[in-house]
Amino acid sequence: MAEYTSGSINISGLGSETDWDTIIEAQLTAASYRYNQMDDWKSEWEEKAEALRDLNSLLLAYKTALSDFDTSTKFLAKAATSSDASLVGVDVDSDADSGSHNVVVDQLATNDIWVTGTGFTDTTEALTDTNTTLTFEYAGEEYTLEVAAGTTVSEFVTQFNNNPETKDMVRATLISNGGEYYIQFKGMDLGADNTLDFTDTGSLDFTAADMEQTQTAGNAKLKVDGWPTGADEWIERDTNHITDIVEGLTLHLYDTTSADGIEVNIEVDTDTMKENILAFVDYTNQVRAAISELDAYDDSTSSSDDDDEEEDSSVDVSGSKTGRVLSGNYGIEIVEQNLKNLVSSTAPGFAYYDSETGLGDKYSSLAQIGITTCTDQNSDSFGLLEVDEDLLQKALEADPEAVAELFAANGSGTTDTNEVSFISAIEGITSPGEYDIEYEIDSGTGELVSATINGNAATISGWSIIGAAGTPEAGLSLRVNTHTAGTHEASAHVKQGLIPALSAEVAELTSTENGVLTIIADNYDEIIANTEKKMEQEQNRLDRLERDLTNRYAKLEALLAELEGVQDNLDDLVSQLSSD
């Protein structure tokens, strides 16, 4: 018989003792193969999309890591030492040229300090019996402080220091000689222009005339490398931390020196540069290993296991390797190949070095400084970057600036002739690479009359050649140095180091608008959404089938029950006939 509960039909099978539910479940299981297949497909696509987004996040983290040393300033580490750091300390950045400097300090920068001539036995003593004012000048500006009658010494110091006009410029402090308290006034800024003068103390219990100046505001005075040359001539600054005398070098003046001065030495910090390079290799290998893991095959599947399995796209033709989630994915292959090409090729815009002419770049590829890709398929490092540290160290010692250029150049340039000079390029506008220059100087006027860059008409201004907008050379600026009449040719290179090149490539690959990984992941999302719609349709079909089967078997159960009743009646009739 059939029972109806919660809007569904359940067959008890009490009449025929047939397990209809098991029969229905078996039929539904057989009819669900398409739904189950789509569910498996959906899971696979979800796994693929998640893996792509994980890779996208890894690449963005890679780009962030590279930004720590994506310019020559960050990459080319310099170190500086002082022959007497107690007198002159030093800090340096990569803009400083290697070499030594002599520093003579005649005077430190100082601030003005004044102390009242009158002492006070107690800080609770009143400074004035009447309302009065204190007038003083600081750095050429006059200020007035109103002081109320009965204001004590300590209250006056607090009021002075809280004056909103001057609290950051002048401070008052109580000092004691053991018997009396005195008020010290101190200008907060160093330098000869930051003088402090008291012009009118009103009815306060100390006078301007009695105040003592214990330190006079003055500028730091120094010579660097014997300049200025005059005995009484000095470089003057209103600070003891000076950054604008030698480019890239900060001098910290702590005391005066003898006339012989102290020596400051600047040299390339190859140890830090090496650390940067090894960090770059480590970051790059992390990305390569992650991509390899996504695109690898699992050797654990044996051919005997595959004999009884249906053909599957995740099993290769040999039947011995099972593909990972993104094996053969063209997006992964694009990412992997693009990044490998940049690292293994000549850096964009770099030229091979000609030892005879001295033209070109000393180092134009990683292999030249000892960084190569492992090609041993039996090695755990297969496909990863390896470093020959001896060769790397030799390169750093031979020409650290050239090593820094290889990694971090961004918009620097050269030409192959002294007749034309590279002036500048615009980062993000001028494409890195080699450019063929052709220009003409009129024989009659002796002026530059036309120029092309890679065959494109260039803008000329005086003796300048500028790449036209809308071309790869846009923003490239060159200057003609030799003014001989006729048509001339030259070659220019706009260089981009490996780190900026990789950062730009990663930015393109991970772009939220047209990055290849984003596009593929979005396509996967669309496939997943379409699959879910088909699954919903298939589920509706299965639900209808279940209801139909339930109704059909419910009717069959009722029919069997009716037939069983007929059978019982027939059995009764036969029994009666037999007894008669």
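In this text, all values refer to a predicted model and were calculated from it rather than measured experimentally.
Atom CG of Asp376 has more than 12 heavy atoms from other residues, nucleotides or ligands within 6.0 Å. Taking a 6.0 Å sphere around CG of Asn341, one finds it holds more than 12 heavy atoms contributed by other residues, nucleotides or ligands. Within 6.0 Å of atom CD in Gln107, more than 12 heavy atoms from other residues, nucleotides or ligands are found, so the atom counts as buried in its surroundings.
Taken from CG in Leu385 to CG in Asn285, the straight-line distance is 4.5 Å, to the nearest 0.5 Å. To the nearest 0.5 angstrom, Trp45 atom CH2 is 5.5 Å from Lys48 atom NZ. The CZ atom of Phe69 sits 11.0 Å away from the CD atom of Glu275 when rounded to the nearest 0.5 Å. For the atom pair OG1 of Thr256 and CG of Leu222, the computed distance is 12.0 Å after rounding to the nearest 0.5 Å. Taking CG of Asp399 as the start and CD1 of Ile369 as the end, the distance is 11.5 Å to the nearest 0.5 Å. Here Ser412 contributes atom OG and Gln496 contributes atom CD; the two are 10.0 Å apart, rounded to the nearest 0.5 Å.
Taking both residues in full, the closest heavy atoms of Ala220 and Leu253 are given as CB-CD1, 3.8 Å, listed atom of the first, atom of the second, then distance. Closest approach of Ala474 to Ile429, counting heavy atoms only: O-CG2, 3.6 Å. The two residues Ile242 and Thr239 come nearest to each other via the heavy atoms CG1-O, 3.7 Å. In plain terms, the two heavy atoms of Gly383 and Arg288 that are nearest each other are O-NH1, 3.0 Å. The two residues Lys63 and Ser503 come nearest to each other via the heavy atoms CE-O, 3.5 Å. When every heavy atom of Asn514 is checked against every heavy atom of Ile519, the shortest pair comes out as O-CD1, 3.5 Å.
For the side chain to side chain contact (heavy atoms under 4.5 Å, CB included) test, residues two or more places apart in sequence or in another chain that qualify with His252 are Asp91, His241, Thr250, Tyr254. Residues meeting the side chain to side chain donor-acceptor pair (under 3.5 Å) test with Lys42, sequence neighbours left out: Glu532. The side chain to side chain donor-acceptor pair (under 3.5 Å) test applied to Asn338 returns Glu505, not counting sequence neighbours. Residues satisfying the side chain to side chain contact (heavy atoms under 4.5 Å, CB included) test with Ser83, not counting sequence neighbours, are Ile262, Glu263. Partners of Glu233 under the side chain to side chain donor-acceptor pair (under 3.5 Å) rule, at least two apart in sequence or in another chain, do not exist in this structure. Applying the salt bridge (Lys or Arg N to Asp or Glu O under 4.0 Å) rule to Asp522 yields the partners Arg53; only residues at least two apart in sequence or on another chain are considered. Every side chain to side chain donor-acceptor pair (under 3.5 Å) that Glu389 has, sequence neighbours left out, goes to Lys274. For Asp244, the salt bridge (Lys or Arg N to Asp or Glu O under 4.0 Å) partners are Arg237, not counting sequence neighbours.
Side chain of Asn111 to main chain of Gly187: a donor-acceptor pair is present (N/O by atom type, distance under 3.5 Å, no hydrogens or angles). No donor-acceptor pair under 3.5 Å is formed between the side chain of Tyr439 and the backbone N or O of Val480.
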Q: Begin with the C-alpha distance, continue with both residues' side-chain angles, and end with the deciding distance and a verdict on side chain to side chain donor-acceptor pair (under 3.5 Å) for Thr195 and Asp112.
A: CA-CA 6 Å; Thr195 58; Asp112 249 2; 5.0 Å; no

Q: In sequence, state the C-alpha distance, the side-chain angles, and the governing distance for Phe407 and Phe75, and then conclude on ring-ring contact (aromatic ring centres under 6.0 Å, His included).
A: CA-CA 8 Å; Phe407 279 96; Phe75 197 90; 5.0 Å; yes

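A donor-acceptor contact closer than 3.5 angstrom links the side chains of Tyr138 and Asp189. In this structure, a donor-acceptor pair under 3.5 Å is present between the side chains of Ser364 and Gln368.
By the 4.5 Å heavy-atom criterion applied to side chains, Val224 and Asn102 are not counted as neighbours. Counting heavy atoms from C-beta outward, Leu366 and Val343 have side chains that approach closer than 4.5 Å. Side-chain contact between Leu76 and Glu401 is present, with heavy atoms from C-beta onward closer than 4.5 Å.
Residue pairs meeting the salt bridge (charged side-chain N to carboxylate O under 4.0 Å, His left out) criterion with at least one partner in residues 414-435, sequence neighbours excluded, are absent. Sorted by first then second residue, the ring pair (Phe, Tyr, Trp, His ring centres under 6.0 Å) pairs that include residues 342-387, not counting sequence neighbours, number zero. A salt bridge (charged side-chain N to carboxylate O under 4.0 Å, His left out) check over residues 335-364, counting only residues at least two apart or in different chains, returns the pairs Glu336-Lys340, Asp361-Lys495.
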Can you give each donor-acceptor pair under 3.5 Å made by side-chain atoms of residues 451-470, sequence neighbours left out, with the distance rounded to 0.1 Å?
from	atom 1	to	atom 2	distance (Å)
Asn454	OD1	Asp436	N	2.7
Asn456	ND2	Glu473	OE2	3.0

